[in-house]
Amino acid sequence: MPASQADAAWPDAGQAAHGPGVGDAAALRAAMVRELRGQGAIQSEPVAAAFAVVPRHLFTPGESLEVAYGVDNAPIVKRDDNGLTLSSVSAPHLQAIMLEAVEIKPGMRVCEVGSGGYNAALMSELVGDSGRVITVDIDPEIVERAGTFLHEAGYDHVHVALADAEQGIPEAAPFDRIIVTAGSWDIPPAWIEQLGDDGRIVVPLRLKGTTRWIAFDRDSLGGLVSCDYGLCVFVPFQGAGSYTEQNVTIEDGVVLRLDDEDIEVDRDALRRALHLPRIERWSGAVFDMPDEQMLFLLTNDPNMALLHADQEAVDLDLVARPALKGVPVLISGNSFAYRATRPNHDMSSGFESGVYAHGPSAEDLAARYVELLRQWADKYHRRGAASIQYIPKPATPLAPSPGVLVKRHGNVVITWP
């Protein structure tokens with residue numbers, strides 16, 4: 001169905017719910033494209049044209065047009081019995097960034113892992129009549145929904161498959177591009193095997209409790225090397241490739257999230273440390289680009305994890321506010337230290353990085369942490385400073401070390417040249 005026909009069937013319902021004029025899907029879609037251009041999320045004409053024509057509202061039934069076309073809105077499609085999100089339609093801002101990174105060209109064969117329908121329709125516009133898009137999901141309900149929405153929007157030529165994508169889609173391979181739209185803890189061998197020689201894969205890879213979308217190209221050794229990356233949030237991968245980080249509660253509302261089982265945690269010792277007075281030490285280094293700084297901290301000491309706290313723990317002054325959204329924490333035996341910030345008008349950002357530390361070894365940990373903050377500010381205070389490689393698992397596994405994250409099927413190696 002052409003976009004104009006899809007839009008024509010919608011305005012009455014939208015106007016009835018929200019008043020005259022609000023139901024103009026075409027106008028809202030055009031406004032979305034303008035905003036995405038202004039943010040820099042859309043940088044190329046083909047991606048702009050795809051967003052301008054695909055009727056996103058058909059893939060978000062039950063949502064208002066304003067929600068459907070909001071650049072930062074990610075409507076939830078399905079929850080589990082505990083209320084946790086199992087599937088959602090990603091926000092246009094993130095979809096645009098990842099589509100620009102994957103660089104889909106006309107005539108390409110593209111595989112999407114994690115289906116909702118809308119992103120596959122965008123990719124169909126990018127590959128054109130001579131290309132092919134296949135979108136795969138492990139959930140039969142999601143597959144049925146995606147197929148229905150694609151049909152209603154006029155994209156019957158997109159193939160929707162039910163499968164556990166851990167094994168890829170061998171019958172449709174090789175692919176010029178693979179784009180993953182679920183948080184993956186690892187990169188299955190099948191994805192690399194089914195990627196063409198000049199292929200690119202964009203995958204939201206979970207690293208030490210956080211997620212970065214990473215655009216990987218093949219390297220000469222059979223692995224992958226990054227050409228771009230950025231912070232993101234995705235629903236975790238299901239099926240054979242699923243993985244759950246370990247959560248260690250050291251006090252009500254205070255949790256350590258561990259991605260590496262080799263980190264030793266003495267829960268009782270850390271609980272005692274938590275109730276000791278904390279020290280604070282300041283680095284004289286700028287606090288800016290927290291996502292880039294976080295990646296550096298998490299990958300430059302094997303004893304780094306994430307510290308999370310709820311509002312009650314912060315109100316009780318057990319931990320400071322940075323832990324509300326998760327903050328890199330350095331753990332050593334009976335002590336721990338985590339990043340702090342304070343206003344400092346001498347800094348370019350107006351803020352300075354520092355450390356809060358608890359426990360008998362607080363001074364030593366704070367000193368180690370402060371040195372990392374200074375290294376980042378002095379050498380890597382910019383976007384895209386890291387180089388990320390994925391190396392399929394060698395015969396002799398690598399031990400965890402700064403910059404090396406051991407996965408099931410291989411190792412992620414992060415360097416800061």
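For the residue pair E112 / N119, a side-chain donor-acceptor distance below 3.5 Å is found, with atom types taken as modelled.
Side-chain atoms of Y369 come within 3.5 Å of backbone N or O of R339 as a donor-acceptor pair. Between the side chain of Y390 and the backbone N or O of G410 there is at least one donor-acceptor pair closer than 3.5 Å.
With sequence neighbours excluded, the residues that form a side-chain hydrogen bond (donor to acceptor under 3.5 Å, both in side chains) with E363 are R281. For Q95, the side-chain hydrogen bond (donor to acceptor under 3.5 Å, both in side chains) partners are R56, not counting sequence neighbours. Taking H409 as the reference, nothing meets the ring pair (Phe, Tyr, Trp, His ring centres under 6.0 Å) condition, with sequence neighbours excluded.
Contact detail for R145 and P61: the closest heavy-atom pair is NH2-CG, 4.2 Å. The two residues I134 and A172 make their nearest non-hydrogen contact at CD1-CB, 4.2 Å.
Electrostatic pairing of R206 and E245 counts as a salt bridge here, judged by a charged N lying under 4.0 Å from a carboxylate O. Salt bridge present: D217 and R200 bring a charged side-chain N and a carboxylate O closer than 4.0 Å. Look at D291 and R383 and you find a salt bridge, because one of the NZ, NE, NH1 or NH2 atoms lies within 4.0 Å of a carboxylate O, short of that distance. No salt bridge links R272 with E251; every basic N to acidic carboxylate O contact stays at or beyond 4.0 Å.
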